[in-house]
Number of protein chains: 2
Amino acid sequence: MSAAESAVETIQREMTIFARRARASAGRMHPELSLVSYTLLGHLEERDGCRATDLAAHYALDKSTVSRQVAALERAALIERRLDPEDHRVQVLHLTEAGREILAQVTRSRRAAFRERLAEWPEEDLVRFAAYLERYNAGPAGTDGE
Amino acid sequence: MSAAESAVETIQREMTIFARRARASAGRMHPELSLVSYTLLGHLEERDGCRATDLAAHYALDKSTVSRQVAALERAALIERRLDPEDHRVQVLHLTEAGREILAQVTRSRRAAFRERLAEWPEEDLVRFAAYLERYNAGPAGTDGE
DNA sequence: ACTTCAAGTTGTACTATACAACTAGAAACC
DNA sequence: GGTTTCTAGTTGTATAGTACAACTTGAAGT
């Protein structure tokens with residue numbers, strides 16, 4: 001096996017380990033915000049509001065799933081729905097103040113965990129690792145599908 | 001923000017994207033073998049058989065969860081239980097021939113997906129990326145927990 | 001106006017998971 | 001040697017996340 005082939009094997013194995021761990025720990029780390037809820041809130045912050053359908057399309061989730069997630073987030077007062085005056089079928093979703101705070105808090109705590117884990121890494125390696133991950137994720141949707 | 005801090009941000013963001021995608025696509029990619037089942041079978045192959053308790057400890061799963069997963073894998077005839085003659089509480093789990101084949105088949109298909117995704121990468125980058133991932137996962141269980 | 005399309009909700013089912021209560025067997029300790 | 005304690009595993013119950021299908025409501029096209 002060439003060095004390249006063996007490296008691909010390793011990448012596959014380690015990505016699998018990471019995915020499994022992330023999945024197992026996602027609920028335990030932030031009981032107040034699942035990984036999906038977190039990314040939905042993040043998307044709302046980034047886009048400054050969007051429709052449920054946009055979330056479903058972007059994250060390859062069924063619209064019923066998004067509908068229930070949105071209902072839960074609204075119940076928790078983390079988001080609010082604003083009816084689109086142009087089209088009465090549409091609800092534009094926005095973060096509430098509380099939602100913004102929770103999102104920031106979870107982001108801080110996640111960031112702290114990553115910082116700790118990467119504390120010993122030289123800057124040069126951090127920068128290269130970050131670039132590799134970006135390149136990997138930017139690739140054509142193959143292994144996954146966004 | 002320093003280059004190191006901004007790299008950590010990127011690593012966090014990209015790892016999150018990867019984890020979310022992996023989760024979303026895990027079921028769709030291999031309907032015959034969930035990510036968890038896949039890793040359980042992989043562990044059995046690697047260790048050439050082990051106990052349910054070992055699986056639970058290694059993957060931080062509840063023993064009841066493992067018990068049900070194992071029951072499903074046995075029902076699918078991918079593993080078999082052998083009673084330990086030394087200790088009648090213990091069942092040593094082993095892959096069956098069918099289990100070995102399914103595992104190999106899913107491994108091949110996953111490998112093909114990764115290869116395709118990484119096809120354009122120069123060997124040098126593959127090797128470095130693989131090393132970074134190993135280093136990341138080998139770190140102290142912080143963000144996750146095995 | 002009628003049909004067709006789009007956004008969301010609700011009913012139903014399934015999977016993965018945890019926690020608690022339980023059974024069965026092994027080990028330890030007077 | 002009998003009682004207590006520990007360990008392996010199963011089962012009951014509950015929850016979260018998910019999909020698919022059927023439906024409602026409103027918009028757009030013909």
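Every heavy atom of this structure was used, including side-chain atoms; hydrogens, water molecules and symmetry mates were not. The chains referred to below are lettered A, B, ... by the order of the sequence lines, with proteins before strands, and numbering in each begins at 1.
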Review point. Using a cut-off of less than 4.0 Å, is there contact between a side-chain N or O of A:T65 and OP1 or OP2 of D:dA19?
Key: yes
Point to revise | Any donor-acceptor pair under 3.5 Å from B:S67 side chain to B:K63 backbone | key: no
**Study point:** Side-chain heavy atoms of B:R81 within contact of B:V70, under 4.5 Å
**Key:** yes
Review point. Hey, is the side chain of B:R81 pairing donor to acceptor with the base of D:dT10 inside 3.5 Å?
Key: no
Practice item. Please state whether the phosphate of C:dA16, meaning OP1 or OP2, lies under 4.0 angstrom from any side-chain nitrogen or oxygen of B:S34. Key: yes
Practice item. Quick one: sort the A:Y59 and A:H43 rings into parallel, tilted or perpendicular, breaks at 30° and 60°. Key: perpendicular
Review point. Do A:D54 and A:R47 meet the salt-bridge criterion of a basic N to acidic O distance under 4.0 Å?
Key: no
Revision key, fill the gap. Tested for side-chain contact (heavy atoms from CB on, under 4.5 Å) against B:T96, the lone hit among B:E74, B:E101, B:E80 is B:E80
Point to revise | Under 3.5 Å: donor-acceptor pair, side chain of A:T10, backbone of A:S6 | key: yes
Check your understanding: Hey, does the side chain of B:T16 reach the backbone of B:Q12 with a donor-acceptor pair shorter than 3.5 angstrom?
Key -> yes
Review point. Any side-chain N or O of A:Q69 less than 4.0 Å from the OP1 or OP2 oxygen of D:dA16?
Key: no
Check your understanding: Heavy-atom contacts under 4.0 Å between residues 83-90 of chain A and DNA chain C, which residues?
Key -> A:R89, A:V90
Check your understanding: End-to-end bend of the helix from C:dA1-D:dT30 to C:dC30-D:dG1 (five-pair axes, 10° rounding)?
Key -> 10°
Check your understanding: Can you say whether the rings of B:F18 and A:F18 are parallel (under 30°), tilted (30 to 60°) or perpendicular (over 60°)?
Key -> tilted
Review point. Looking only at N and O atoms, is any donor in the side chain of B:R20 or the base of D:dG17 less than 3.5 Å from an acceptor on the other one?
Key: no
Check your understanding: Can you check whether B:S64 has a side-chain N or O nearer than 4.0 Å to OP1 or OP2 of D:dT10?
Key -> no
Practice item. If the plane angle is over 60° it's perpendicular, under 30° parallel, otherwise tilted; pick one for B:W121 and A:Y136. Key: perpendicular
Revision key, fill the gap. Per nearest nucleotide of DNA chain D, the residue lying toward the 5' end, B:A52 or A:L35, is B:A52
Review point. Does OP1 or OP2 of C:dT9 have a side-chain N or O of A:Q91 closer than 4.0 Å?
Key: yes
Review point. Would you say A:R68 reaches D:dG17's phosphate, i.e. side-chain N/O to OP1/OP2 under 4.0 Å?
Key: no
